[in-house]
Amino acid sequence: MAKLLRFGVAMEDSLLREFDKYIRRKGYRNRSEAIRDLARDAIVREAWEQEKGEVIAAVALVYDHEKRGLADLLTDLQHHAFNMIVSTLHVHLDERHCLEVIVLRGKSSSVRKFADNLLAIKGVLHGGVVATGVPSAEKTSTS
Ligand code: NI
């Protein structure tokens, strides 16, 4: 397990009160764990925004498979990007609608561009991207 270092943080009391409410709503057991998660999230987000560096992302798309040409287009696009697609999950939501979750891994600029292209396709009813990664510090169970 990684060695934990302690440091002091000073902040205005009003900000600290809001932060304590936030960590209670989120279910954190203490401030340290909440601050560690915020740091990890900032590091992953920065990697996502940079041009270089590897990122991992899950793109979720809901679409109507009866819409002419749409399912074929999604398949074509994914074949063109086969080298950054780790896995695809397809769920038939009802008679017409499908959910596709596409896990991407690769250079941040390429992954971002591909995810944006998928979400912008006409006929995609709803979608979103979760960008993730492996920040250097592992999760710990102590405060
Ligand atoms: Ni389907």
Side-chain angles (χ1 to χ4, degrees), residues 1-7 9 11-12 14-143:
M1 189 171 283
K3 185 180 166 202
L4 289 176
L5 301 175
R6 292 188 180 276
F7 65 99
V9 176
M11 66 173 80
E12 297 88 343
S14 58
L15 180 58
L16 185 59
R17 273 199 303 275
E18 285 302 310
F19 188 61
D20 283 343
K21 281 189 226 162
Y22 165 84
I23 68 178
R24 265 198 305 279
R25 286 196 301 273
K26 295 290 181 184
Y28 286 107
R29 286 179 307 152
N30 56 60
R31 291 171 181 158
S32 292
E33 188 48 43
I35 289 169
R36 283 194 290 269
D37 267 3
L38 291 175
R40 291 185 191 105
D41 194 50
I43 291 163
V44 168
R45 206 149 13 90
E46 192 197 29
W48 175 250
E49 286 159 6
Q50 279 171 355
E51 285 304 301
K52 292 177 196 151
E54 193 190 67
V55 292
I56 301 151
V59 183
L61 306 167
V62 174
Y63 63 95
D64 178 351
H65 84 264
E66 288 181 17
K67 193 162 171 94
R68 207 179 163 83
L70 184 54
D72 284 348
L73 175 62
L74 282 168
T75 303
D76 271 2
L77 286 172
Q78 290 186 60
H79 277 279
H80 285 301
F82 71 92
N83 53 353
M84 72 172 106
I85 295 179
V86 178
S87 185
T88 301
L89 168 76
H90 186 99
V91 180
H92 310 303
L93 296 175
D94 57 29
E95 292 293 323
R96 294 185 65 148
H97 298 101
C98 304
L99 164 68
E100 209 147 284
V101 180
I102 305 158
V103 178
L104 305 168
R105 181 177 207 158
K107 205 175 103 183
S108 106
S109 55
S110 312
V111 168
R112 210 161 6 115
K113 190 171 170 212
F114 185 64
D116 286 345
N117 287 345
L118 289 171
L119 293 171
I121 291 171
K122 197 176 165 205
V124 169
L125 301 170
H126 188 254
V129 182
V130 176
T132 189
V134 186
S136 54
E138 59 196 274
K139 288 261 186 181
T140 59
S141 56
T142 56
S143 63

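Because only heavy atoms are used, hydrogens play no part in the values below, and waters and symmetry mates are left out as well, while side chains stay in. Order of listing sets the numbers, starting from 1, for every ligand and every atom in it.
Applying the side chain to side chain contact (heavy atoms under 4.5 Å, CB included) rule to T88 yields the partners Q78, I85, E100, I102; only residues at least two apart in sequence or on another chain are considered.
Listed by chain and number, the protein atoms of type N/O/S under 2.8 Å from the Ni ion (ligand 1) are H90 NE2, H92 ND1, C98 SG; waters are omitted.
Counting non-hydrogen atoms of neighbouring residues, nucleotides and ligands closer than 6.0 angstrom, the NE2 atom of H126 reaches no more than 12 such neighbours.
Using a 4.5 Å heavy-atom cutoff, the side chains of F19 and V9 are not in contact. The shortest distance between side-chain heavy atoms of L70 and I121 falls below 4.5 Å. At a threshold of 4.5 Å between non-hydrogen side-chain atoms, the residues H97 and L99 do not count as touching.
In this structure, the separation between NZ on K67 and NZ on K122 is 5.5 Å, given to the nearest 0.5 Å.
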